[in-house]
Amino acid sequence: MPPESKDLKSTINLPKTTFPMKANLPQNEPKMLARWEQDRLYDRIRAARKGSPLYVLHDGPPYTSGPIHLGTAMNKCLKDFIVKSKTMSGFDAPYVPGWDCHGLPIEIKVDKELGGKKLQMPPLSVRNACRKYAQKYLDLQRTQFKRIGVFGRFDQPYATMTPQYESTVLKTFFSFYENGFVYKGLRAVYWCMHDETALAEAEVEYENHTSPTVWVKYAFADDPAKIDPALAGKKLNTIIWTTTPWTLPASMAVAFHPDEEYVALESGGEVYIVASKLAADAAAKCNLADPHPLAHFPGRKLERLNFQHPFLDRKILGVLADYVTMDTGTGVVHTAPSHGAEDFMTGVKYGLDATSNVDEKGILRNGLPEYEGLRVWDANQPILDLVKSLGALLHSEKTEHSYPHCWRCHNPVIFRATEQWFISMETPMPGSAGKHDTLRTRTLSEIKTVKWDPAWGEERLSNMIQTRPDWCISRQRVWGVPIAVFLCEACGKPLNDPAINKKVVELFARNGADSWFTNEPDNLIPADTKCPHCSAAKFEKESDIFDVWLESGASYLALVAAEPEYPWPSDLYLEGGDQYRGWFQSSLLCAMGTHATPPYKNVVTPGWTLDEKGQAMSKSRGNDVDPVDIAGRLGGEVVRLWTASVDFREDVVGSEALMQRVGENYKKIRNTFRYILSNLYDFDPTKDAVPFEEMQELDQYMLRETVAFADDVKKSYDDFAFHKIYHRVNHFCIVDLSAFYFDVLKDRLYIMAPKSQARRSAQTAIWQIGEALVRLLAPIMSFTSEEIWPYLPQVEGREESVHLAHFPAATDILGAGATERDEKQHEDWTKLRNVRDNVLKALEDAREKKQIGGGLEARIDLSASEPLYELLKTYEGQLRYLFIVSAVTLKPWVEVEGAVGGIIVNVYAAEGQKCERCWNYSTQVGEDPTYPTVCERCSAVLKEL
RNA sequence: GCAGGAUUAGCUCGAAGGUCGAGCCCGCGGUCGAUAACCGCGAGGCGUUGGUUCGAUUCCAACAUCCUGCACCA
């Protein structure tokens with residue numbers, strides 16, 4: 001029964017699928033997540049890869065004081081891409097997320113919540129409040145990371161506030177301690193005398209402050225001829241300049257720049273040494289009448305010569321320092337090692353006394369009656385008066401300048417030298433060859449064994465290790481791991497007994513670091529223990545806690561302690577560039593102290609997240625993009641795809657507009673899949689698949705292109721070049737598939753008899769393409785790949801989840817036995833596609849001239865020079881389908897003026913009638929009386945049906 | 001100020017000592033059998049100034065702008 005003309009449409013194999021065009025990601029992703037959770041997919045992946053080579057990416061712990069931001073989201077997505085791609089490459093790649101829970105920011109926030117109550121609370125209560133706070137954000141961040149599709153051992157993460165972790169921190173410290181790396185000593189730190197506490201640099205804010213500024217005469221107390229013969233017998237002085245007169249009692253040295261020129265100015269019978277560049281200014285300020293230079297010399301001439309303190313019986317040493325600048329003052333810097341960071345360093349270098357005579361309340365002690373017992377600010381004027389009365393005050397004025405303030409109480413802070421714990425960078429390594437084989441030098445040589453990506457990381461970290469001071473690991477705080485060391489009550493010296501240390505580590509492992517607060521020394525120290533220094537028998541507990549960097553630096557040590565089969569070193573660390581100062585460095589040092597090797601084989605550094613103007617993204621600026629918000633409105637997949645779209649090794653731009661754009665792109669990829677699925681509705685690979693060698697050549701060519709595509713993508717996964725994958729996938733979907741292959745294939749898929757070899761060949765190809773593409777995209781588009789997975793034909797042995805599957809190999813795509821590459825075929829088809837582009841351009845010209853509308857309304861004459869003509873001749877019968885026109889006539893080459901690329905395309909209106917079924921034009925429409933409105937090709941198909 | 005990095009189309013990127021290029025966006029058109037789709041065509045660029053070179057967007061130097069970390073000091 002011949003179909004009526006209106007029923008012809010029902011004889012066409014139009015695409016059909018229930019795979020929705022609209023993704024509805026915000027609604028569907030949470031359902032997918034629930035399913036994964038219920039199926040315990042992460043555990044099933046572990047089980048599936050058990051026994052495969054391990055690949056351990058060790059997670060850097062984010063800080064638990066707020067929700068995640070775009071940078072954190074990107075960081076986790078990148079790690080997820082790596083873990084999933086390694087998994088699909090056949091590795092056993094576990095991922096244990098971690099969190100950094102201790103430290104100041106949390107303690108400060110909790111302080112604010114507690115208000116004045118904190119002072120009345122015992123440390124354990126404060127710690128409990130902090131723990132609750134940290135746990136709250138750990139839970140929040142965990143939910144947020146999962147929401148963007150990150151896979152990992154989320155039900156059993158590592159956290160720096162767990163007993164096992166805390167004991168590892170302490171054990172790591174003892175490893176340093178027992179090997180002689182640790183000492184306790186003075187150091188100048190920021191000190192808030194209002195809050196009576198040391199401050200970290202991050203807790204200091206610069207605000208304007210008005211200070212008295214004084215120019216003070218320091219008499220020279222050495223032989224002037226040592227500087228220059230011209231000065232012999234002169235009454236010599238130098239002039240210092242300071243904005244903190246209260247530090248003068250602590251003045252131990254005057255610093256000169258080694259290479260800057262200084263001048264000795266004679267005026268009123270005395271001689272003054274100041275920097276040449278500042279001489280005029282200093283002479284004017286200090287009212288030096290008629291100054292004239294006696295000698296010029298570099299600052300280094302003054303090293304280790306003596307001066308006299310203006311009001312104390314103390315020799316002041318001439319020292320050299322590179323930080324002396326020539327922009328303000330006199331070029332001579334009064335140096336009080338107990339009250340300045342740089343002064344302190346200089347003091348260490350020259351062996352100066354750094355004892356602080358300022359107590360924790362900021363009151364001067366052990367001083368002259370004029371200022372004894374006064375607060376530092378109140379001492380300024382009396383000291384100034386004292387200096388003046390001795391004739392040493394040459395000038396004074398008020399200066400407004402930027403000065404560090406406490407970020408909590410906003411009072412100005414001071415530097416104050418206090419006892420701190422240090423890890424010395426100059427300690428010889430255990431079993432070392434000599435004293436030049438120190439923690440610093442060995443670390444520097446071990447840095448070279450790590451692969452840094454980008455490569456500048458090696459230089460950057462080396463520079464930092466090269467110049468960094470000893471590591472100050474103590475903090476006078478509550479929320480952290482206590483430095484669990486006993487101190488002799490009599491002499492104050494620490495007890496370092498490995499047996500006792502071990503006992504405390506075990507205690508921490510059982511009961512957590514809180515047990516340091518609940519146990520008294522007597523519970524932990526054997527009764528007969530005596531101080532090795534003074535033989536006293538009474539001990540007290542150290543009250544400082546560890547720098548949090550020491551804690552997070554021990555993270556891989558903690559993980560390996562719990563998972564002994566994990567490799568040392570780990571395969572990869574991946575964190576932002578700020579971690580060269582932080583985690584990369586502290587992890588490296590902790591590993592050096594315990595294993596004498598780095599904890600990582602590879603270190604990768606993503607860039608910073610910026611807004612569309614190139615400004616750093618931050619919540620306080622209000623230019624941040626919230627990944628959780630994007631996930632809620634556009635989908636977690638969009639956050640993932642955005643992460644993949646940018647070159648993460650550089651600073652990356654994130655914005656609403658970019659997310660929208662990526663979302664558009666997502667639709668394109670999704671539609672490509674939808675088209676594949678919609679043409680497989682009647683395809684069962686076990687029955688219908690066509691062997692490679694029997695496939696149409698276009699299909700063979702496209703499958704080989706797919707193999708090349710898969711190779712590129714897999715290579716890019718290995719290189720962590722996700723943005724290349726993003727662009728390669730786009731290109732493949734848009735240019736190779738949608739615009740070329742699928743467009744050409746429509747005719748064959750729709751028109752040919754459903755079970756015809758031609759159609760089955762095409763279906764086999766797109767099935768394999770879909771199967772390859774879904775796997776290759778799974779690490780990045782984890783939600784959508786999983787959604788697509790069951791829509792593709794189910795063959796036996798196929799995994800339940802795409803995330804359990806492997807990347808496709810060439811034999812998966814082509815079938816066994818097919819040659820992976822065919823250069824001739826590739827070149828031929830590249831040329832054919834080139835000709836196609838020329839034809840499409842010619843069609844567009846004809847369209848513009850209103851000669852044709854759709855391509856099928858055209859027939860074309862094509863002529864080409866050799867050897868292209870020969871090639872076209874071979875494919876002559878296929879050309880009309882390749883170009884999607886109704887007819888192609890191949891003509892021998894004739895030399896024509898203006899022919900481009902050896903091709904001439906002429907477009908004409910197609911001859912004959914439009915076939916009502918396939919829309920091609922044919923002169924034979926109507927020849928078959930059974931089907932009078934269709935072409936010869938369609939009538940043949942219809943007879944077959 | 002010190003250390004490290006960046007600058008290519010409106011956006012995201014790729015390549016290379018020899019006329020740079022892709023996708024998206026945009027404009028125009030086609031199609032109405034992937035339709036909250038699909039196809040084609042078009043427009044559009046190497047931060048600035050020097051140097052090396054036959055030739056530089058590429059190599060070198062300086063400058064500018066931006067990012068990160070450190071130092072911001074007497």
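So that the names make sense, note that chain A is the first sequence line, chain B the second, and so on, each numbered from 1.
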Enquirer: Using only heavy-atom distances, decide whether a donor-acceptor pair under 3.5 angstrom links the side-chain of A:Thr325 to the base of B:A74.
Expert: yes

Enquirer: Taking only N/O atoms, report every protein-nucleotides 8-12 of chain B pair under 3.5 Å with atom names and distance.
Expert:
from  : atom 1 : to       : atom 2 : distance (Å)
B:G10 : N2     : A:Arg661 : NH1    : 2.8
B:U12 : O2'    : A:Ser645 : O      : 2.8

Enquirer: Are A:Arg759 and A:Asp747 ion-paired here, with the side-chain N under 4.0 Å from a carboxylate O?
Expert: no

Enquirer: Is the shortest side-chain N/O distance from A:Lys841 to OP1 or OP2 of B:G42 below 4.0 Å?
Expert: yes

Enquirer: NA contact type, A:Arg460, heavy-atom cut-off 4.0 Å: base, sugar-phosphate, or nothing?
Expert: base

Enquirer: For the residue pair A:Asn679 and A:Tyr750, establish whether any side-chain heavy-atom pair is separated by less than 4.5 Å.
Expert: yes

Enquirer: Classify the nucleic acid contact of A:Trp241 as base, sugar-phosphate or nothing, counting any heavy atom under 4.0 Å across all strands shown.
Expert: base

Enquirer: Please state how far atom OH in A:Tyr403 lies from atom C1' in B:A71, giving the value in whole angstrom units.
Expert: 17 Å

Enquirer: Taking only side-chain N and O atoms of A:Lys724, does any of them lie within less than 4.0 angstrom of OP1 or OP2 on B:A15?
Expert: yes

Enquirer: Checking contacts here: which listed nucleotide (B:U35, B:U31, B:G69) is nearest the side-chain heavy atoms of A:Met21?
Expert: B:U35

Enquirer: Between the side chains of A:Thr11 and A:Arg917, does any donor sit under 3.5 Å from an acceptor?
Expert: yes

Enquirer: Going by the rule side-chain hydrogen bond (donor to acceptor under 3.5 Å, both in side chains), which residues pair with A:Thr672 if we only count those two or more places apart in sequence or in a different chain?
Expert: none

Enquirer: Hey, is the side chain of A:Lys668 poking within less than 4.0 Å of OP1 or OP2 on B:C39, counting only N and O atoms?
Expert: yes

Enquirer: Quantified in whole Å, what is the P atom distance between nucleotide B:A37 and nucleotide B:C26?
Expert: 13 Å

Enquirer: Does A:Tyr921 have any ring-ring contact (aromatic ring centres under 6.0 Å, His included) partners at least two apart in sequence or in another chain, and if so, which?
Expert: none

Enquirer: Within this structure, what is the CZ-to-P distance between A:Arg847 and B:G42, rounded to whole angstrom?
Expert: 13 Å

Enquirer: With sugar-phosphate meaning primed atoms plus P, OP1 and OP2, does A:Asn463 contact a base, only sugar-phosphate, or nothing at under 4.0 Å between heavy atoms?
Expert: sugar-phosphate

Enquirer: Going by side-chain hydrogen bond (donor to acceptor under 3.5 Å, both in side chains), name the residues that satisfy it together with A:Arg416, two or more places apart in sequence or in a different chain.
Expert: none

Enquirer: Produce the list of close N/O pairs, under 3.5 Å, pairing protein atoms with atoms of nucleotides 64-66 of chain B; give distances to one decimal.
Expert:
from  : atom 1 : to       : atom 2 : distance (Å)
B:C66 : O2'    : A:Gly614 : O      : 2.9

Enquirer: Provide, to the nearest angstrom, the distance between the CG atom belonging to A:Leu749 and the P atom belonging to B:G33.
Expert: 16 Å

Enquirer: Determine whether A:Phe19 and A:Phe673 satisfy the following criterion, ring pair (Phe, Tyr, Trp, His ring centres under 6.0 Å), listing intermediate values before the conclusion.
Expert: CA-CA 9 Å; A:Phe19 183 78; A:Phe673 274 112; 7.8 Å; no

Enquirer: With A:Ser251, which of A:His309, A:His334, A:His339 fulfils side chain to side chain donor-acceptor pair (under 3.5 Å)?
Expert: A:His334

Enquirer: Measure the distance from CG on A:Leu843 to P on B:G40 and round it to the nearest whole Å.
Expert: 12 Å

Enquirer: Heavy-atom contacts under 4.0 Å between residues 331-345 of chain A and RNA chain B, which residues?
Expert: A:Val333, A:His334, A:Glu342

Enquirer: Reading RNA chain B 5' to 3', how would its secondary structure be written in dot-bracket notation, given Watson-Crick and G-U pairs with both distances under 3.5 Å, brackets [ ] for crossing pairs and | for partners on other strands?
Expert: (((((((..(((((...[.))))).(((((.......)))))....(((((..]....))))))))))))....

Enquirer: Within the structure shown, what part of the strands sits under 4.0 Å from A:Arg670 by heavy-atom distance: base, sugar-phosphate, or nothing?
Expert: nothing

Enquirer: Could you state the CZ-C1' distance from A:Arg468 to B:G69, rounded to the nearest angstrom?
Expert: 14 Å

Enquirer: Salt-bridge test for A:Lys285 and A:Glu397: reply yes if a basic N is under 4.0 Å from a carboxylate O, no otherwise.
Expert: yes

Enquirer: Where each residue is assigned the nucleotide of RNA chain B containing its nearest heavy atom, which of A:Met464 and A:Thr672 is assigned the position nearer the 5′ end?
Expert: A:Thr672

Enquirer: Which residue, A:Tyr750 or A:Glu650, contacts RNA chain B at a nucleotide closer to its 5' end, judged by nearest heavy atom?
Expert: A:Glu650

Enquirer: Is the phosphate of B:A36, meaning OP1 or OP2, less than 4.0 Å from a side-chain N or O of A:Lys667?
Expert: no

Enquirer: If you check every side-chain atom of A:Tyr190, which of B:A36, B:G5, B:C72 has the closest atom?
Expert: B:C72

Enquirer: List in chain and number order the residues that pass side-chain hydrogen bond (donor to acceptor under 3.5 Å, both in side chains) with A:Arg728, two or more places apart in sequence or in another chain; answer none if no residue qualifies.
Expert: A:Asp712

Enquirer: Do NZ/NE/NH1/NH2 and the carboxylate oxygens of A:Lys746 and A:Asp743 come within less than 4.0 Å?
Expert: yes

Enquirer: Answer yes if the side chains of A:Ser338 and A:Ser356 hold a donor-acceptor pair under 3.5 Å, and no otherwise.
Expert: no

Enquirer: Tell me the closest heavy-atom pair linking A:Lys668 and A:Ser738, and the distance in Å.
Expert: NZ-OG, 3.2 Å

Enquirer: Answer yes or no: does a side-chain N or O of A:Trp608 lie under 4.0 Å from OP1 or OP2 of B:U68?
Expert: yes

Enquirer: Just the rounded figure in Å: distance from P of B:C13 to CG of A:Asn665.
Expert: 13 Å

Enquirer: Please classify the nucleic acid contact of A:Tyr675 as base, sugar-phosphate, or nothing, using heavy-atom distances under 4.0 Å.
Expert: base

Enquirer: Please list, one pair per line, the donor and acceptor atoms closer than 3.5 Å that link side chains of residues 656-667 of chain A to other protein atoms, with sequence neighbours excluded.
Expert:
from     : atom 1 : to       : atom 2 : distance (Å)
A:Glu656 : OE1    : A:Arg633 : NH2    : 2.8
A:Glu656 : OE2    : A:Arg633 : NH1    : 3.1
A:Glu656 : OE2    : A:Arg633 : NH2    : 3.4
A:Glu656 : OE2    : A:Gln660 : NE2    : 3.1
A:Glu664 : OE2    : A:Lys667 : NZ     : 3.4
A:Asn665 : OD1    : A:Asn730 : ND2    : 3.1
A:Tyr666 : OH     : A:Arg670 : NH1    : 3.0
A:Tyr666 : OH     : A:Thr784 : OG1    : 2.7

Enquirer: Does any donor atom in the side chain of A:Asp845 or A:Gln851 lie under 3.5 Å from an acceptor atom in the other side chain?
Expert: no

Enquirer: Can you check the A:Ile383 CD1 to B:A74 P distance for me, whole Å?
Expert: 16 Å

Enquirer: Counting only heavy atoms and a strict 4.0 angstrom limit, can you tell me which residues of residues 731-740 of chain A come near RNA chain B?
Expert: A:His731, A:Ile734, A:Val735, A:Ser738, A:Ala739

Enquirer: Near A:Glu848 CD, under 6.0 Å, is it more than 12 heavy atoms from other residues, nucleotides or ligands?
Expert: no

Enquirer: Applying ring-ring contact (aromatic ring centres under 6.0 Å, His included), name anything that partners A:Phe740, two or more places apart in sequence or on another chain.
Expert: none

Enquirer: Do the non-hydrogen side-chain atoms of A:Cys286 and A:Ile239 ever get within less than 4.5 Å of each other?
Expert: yes

Enquirer: Rounded to whole angstrom units, what separation is found between the CG atom of A:Asp712 and the P atom of B:C13?
Expert: 19 Å

Enquirer: Going by the rule side-chain hydrogen bond (donor to acceptor under 3.5 Å, both in side chains), which residues pair with A:Thr244 if we only count those two or more places apart in sequence or in a different chain?
Expert: A:Thr242, A:Thr247

Enquirer: Does a nitrogen or oxygen in the side chain of A:Lys16 sit under 4.0 Å from OP1 or OP2 of B:A34?
Expert: no

Enquirer: Which is true for A:Glu664 with a 4.0 Å heavy-atom rule: it touches a base, it touches only sugar-phosphate, or it touches nothing?
Expert: nothing

Enquirer: So, is A:Arg581 close to the B:C70 phosphate, meaning a side-chain N or O under 4.0 Å from OP1 or OP2?
Expert: yes

